[in-house]
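Working notes, structure below.
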Amino acid sequence: MKAYEGRPAATAGVGKDPVNEPMIRHWCEAMGDTHPAYQGPDAVAPPTMLQAWTMGGLSGHTDRSSAYDELFGLLDGAGYTSVVATDCEQEYLRPLRPGDRITFDAVIESVSERKTTKLGAGHFVTTRMDVRVDGDPEPVGTHRFRILKYQPTRLPPPPLPEALRAAPSTARKPKAKRPRPVINRDNAGFWDGVAGHRLLIQRCGGCATLRFPWLPGCNACGSQEWDTVEASGEGTVYSYVVMHHPPFPAFAPPYAVALIELAEGVRMVSNVVGVPYDKVRIGMPVRLEFLRVDEDLELPVFNGLVGSGG
Ligand code: ZN
């Protein structure tokens, strides 16, 4: 697989549209970004739009190289049949302006050793896309995209013997598990806290604004410095919905999903436990507890303090 490193993943790709004002305006409206640099006759495109200019849209691209397909075939053949996107890193080297025509090349930058992850063993494949403006050899930005091709830890159950196939099958299905959280560099501290039965809120090192969920930077002042404060565990139901349909594996509807306002002022989505779903109310006081969902997963939930004097 190392032989695929350096081989092209896509060559001579062409952006479907030149950099243009309508797409910039839609992006800024969707993001709530009112920065003046993205408006007016001298507007530049927001750097974070980089991938918007290279994506194929629903009609796709036809420039994917055979090397990429071969590598995936090799991994599939070795049993690494599942895929999950893990992260993306971008570098912005110079601004793009309306009218710029986009070209790009992508290379298979690295294929990792076999790694063991919670999802299963597999290989990380990193592709790097160099984005250029037509006619200029210097990239305007790079986009690194990493996926994990892996062999799921939990293999599907083997087929049932013939004699059992006619029998009701519901009892034989392994119990579905709740989805696993995606833990990354930006939120690992939160999950470390959960493991120690502490609900940690980020506090900005620049302006002391509390924030939740965890983010790399402060929305109030932009600072990337932070520490944490431990939530007292007291809160109230700020809002809620009762989920009836569609049913998801591992969840038994109807159940209440609540937006909890913590005493510290930040809000988080969680489950209310200890109260029937139809007794959850806005303003209901709740108290943090930790729910062991299964052998690998513990979650912060909130116990409704109905009739307990809370
Ligand atoms: Zn701040």
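When a ligand or atom number is given, it counts from 1 through the structure's own listing order. What you see below is based on every heavy atom in this structure, not just the backbone, and it leaves out hydrogens, waters and symmetry mates.
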query = Going by the angle between their ring planes, with limits at 30° and 60°, are His197 and Phe290 parallel, tilted or perpendicular?
reply = parallel

query = Angle class for the His143/Phe145 ring planes (parallel below 30°, perpendicular above 60°, tilted otherwise)?
reply = parallel

Between Glu5 and Ser110: side-chain donor-acceptor atoms closer than 3.5 Å = no

note = A correct count of protein N/O/S atoms found below 2.8 Å of the Zn ion (ligand 1) gives 4

task = Find out whether the Lys NZ or Arg CZ of Arg146 is both under 6.0 angstrom from the six-membered ring centre of Phe124 and within 45° of the ring's axis.
result = no

message = Among Thr54, Thr103, Thr142, exactly one meets side-chain contact (heavy atoms from CB on, under 4.5 Å) together with Val131. Which residue is that?
response = Thr54

Identify each donor-acceptor pair in which a side-chain atom of residues 202-213 lies under 3.5 Å from a protein atom, sequence neighbours left out, and give them as a table.
unit_1: Gln202; atom_1: OE1; unit_2: Arg211; atom_2: NE; d: 3.2
unit_1: Gln202; atom_1: OE1; unit_2: Leu215; atom_2: N; d: 2.8
unit_1: Gln202; atom_1: NE2; unit_2: Leu215; atom_2: O; d: 3.2
unit_1: Arg203; atom_1: NE; unit_2: Asp227; atom_2: OD1; d: 3.0
unit_1: Arg203; atom_1: NH2; unit_2: Asp227; atom_2: OD2; d: 3.0
unit_1: Arg211; atom_1: NE; unit_2: Leu215; atom_2: O; d: 3.4
unit_1: Arg211; atom_1: NE; unit_2: Gly217; atom_2: O; d: 3.4
unit_1: Arg211; atom_1: NH2; unit_2: Leu215; atom_2: O; d: 3.0

